[in-house]
Amino acid sequence: MTETDKRLLAEAKRVREFAYCPYSKFAVGAAVLGSSGTIYGGCNVENASYSVTNCAERTAIFHAISAGENDILAIAVVAEGVKPVPPCGACRQVIAEFRIPHILLANLADQVREMTLSELLPDAFSDEDLEL
Ligand code: THU
């Protein structure tokens with residue numbers, strides 16, 4: 001585990017505290033590393049209309065893109081669980097959109113699982129499939 005990986009995990013854990021999750025009570029934090037070297041955090045933000053909920057991963061990615069990053073090098077995700085949290089299908093698709101190559105999943109017991117993009121979402125639908 002590199003120092004940058006540790007910083008990413010620490011930031012994901014820190015912003016998890018800001019999760020707005022009154023319905024599920026399941027707090028998630030994520031952090032992404034932009035190619036500028038800046039780290040951007042995000043937490044899950046729920047809604048009374050449940051399906052409008054935004055997961056921590058997408059919040060962090062949208063935070064980085066909105067700050068002008070166009071290349072995301074890594075993402076870390078932290079939640080409480082018996083094993084590192086697996087991202088949902090929608091977040092896997094967004095992680096694939098930005099081709100994030102380095103994925104770290106962790107729980108509060110500091111168990112960490114590293115995944116590649118193709119492990120996370122094999123055979124992803126992408127821009128290439130739009131070229132008719
Ligand atoms: N959630 C995330 O933020 N990321 C994940 O990887 C899994 C699920 C959120 C969505 C919802 O607010 C809560 O966790 C329970 O599903």
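Start at 1 with the first residue, then count along the sequence. Note that this is a predicted model, so its numbers are computed, not measured. Just so you know, ligand 1 is whichever comes first in the structure, and atom 1 is the first atom listed for that ligand.
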Chemist: Got a protein heavy atom sitting under 4.0 Å from atom 1 (N) of ligand 1?
Modeler: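 Under the 4.0 Å cut-off, atom 1 (N) of ligand 1 does have protein heavy-atom neighbours.
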Chemist: Please list, in number order, the atoms of ligand 1 under 4.0 Å from a heavy atom of P87.
Modeler: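 Counting from 1, the qualifying ligand atoms are 6 (O).
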Chemist: Among all the protein's non-hydrogen atoms, which is closest to atom 9 (C) of ligand 1, and how far away is it?
Modeler: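 Sorting protein heavy atoms by distance from atom 9 (C) of ligand 1 puts N44 ND2, 3.5 Å first.
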Chemist: Can L73 be reached from I100 by stepping across I, L, V, M, F, W or Y side chains whose heavy atoms are under 4.5 Å apart?
Modeler: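 No: no chain of side-chain contacts under 4.5 Å links I100 to L73.
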Chemist: Can you report which non-hydrogen protein atom sits closest to atom 8 (C) of ligand 1, along with the distance?
Modeler: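 Of every protein heavy atom, C55 SG, 4.2 Å lies nearest to atom 8 (C) of ligand 1.
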Chemist: Is there a chain of hydrophobic side chains (I, L, V, M, F, W, Y, each step under 4.5 Å between heavy atoms) that links Y50 to Y20?
Modeler: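 Shared cluster, yes.
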Chemist: Whether the side chain of E57 engages the backbone of C91 through a donor-acceptor N/O pair (distance < 3.5 Å, no angle test) should be reported.
Modeler: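 Flag not set: sc E57 to bb C91 has no pair under 3.5 Å.
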Chemist: By number and element, which atoms of ligand 1 are closer than 4.0 Å to a non-hydrogen atom of E57?
Modeler: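 Under 4.0 Å from E57, ligand 1 has these atoms: 2 (C), 3 (O), 4 (N), 5 (C), 6 (O).
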Chemist: Looking at atom 14 (O) of ligand 1, what's its closest protein heavy atom, distance included?
Modeler: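 The closest one turns out to be F26 CD2, 3.3 Å.
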Chemist: Got K13 and L108 here, is their nearest side-chain heavy-atom distance under 4.5 Å?
Modeler: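 Yes, close enough: below the 4.5 Å cut-off.
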Chemist: What are the atoms of ligand 1, with element, lying closer than 4.0 Å to any heavy atom of S24?
Modeler: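 Taking each heavy atom of S24 in turn, ligand 1 has 13 (C), 15 (C) under 4.0 Å.
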Chemist: Give a yes/no on ligand 1: does P86 have at least one heavy atom closer than 4.0 angstrom to it?
Modeler: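 Under 4.0 Å: yes for P86.
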Chemist: For the CZ atom of R58 and the CD1 atom of I95, what is their distance to the nearest 0.5 Å?
Modeler: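 R58 CZ to I95 CD1: 10.0 Å, rounded to 0.5 Å.
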Chemist: To the nearest 0.5 Å, tell me how far E97 CD sits from I72 CD1.
Modeler: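 Taking CD in E97 and CD1 in I72, the distance rounds to 10.5 Å.
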Chemist: I'd like to check whether V77 has a polar contact with ligand 1, where a contact means an N/O of the residue lying under 3.5 Å from an N/O of the ligand.
Modeler: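 Checking ligand 1 against V77, no N or O pair falls under 3.5 Å apart.
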Chemist: Geometry only, no angles: is N54 polar-contacting ligand 1 at N/O separations under 3.5 Å?
Modeler: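 N/O-N/O distance under 3.5 Å: no.
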Chemist: To check your reading of the model: name the closest protein heavy atom to atom 3 (O) of ligand 1, its residue, and the distance in Å.
Modeler: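 Checked against all protein heavy atoms, atom 3 (O) of ligand 1 sits closest to A56 N, 2.9 Å.
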Chemist: Got a second to check how far L8's CG is from I39's CD1, nearest 0.5 Å?
Modeler: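 Output value for this atom pair is 4.5 Å.
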Chemist: Using a strict 4.0 Å cut-off to heavy atoms of E46, name the atoms of ligand 1 that fall inside it.
Modeler: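 That gives atoms 11 (C), 12 (O), 13 (C) of ligand 1.
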Chemist: Are V112 and L33 joined in one hydrophobic group, where the rule is that I, L, V, M, F, W and Y side chains link up if heavy atoms are under 4.5 Å apart?
Modeler: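 V112 and L33: separate clusters.
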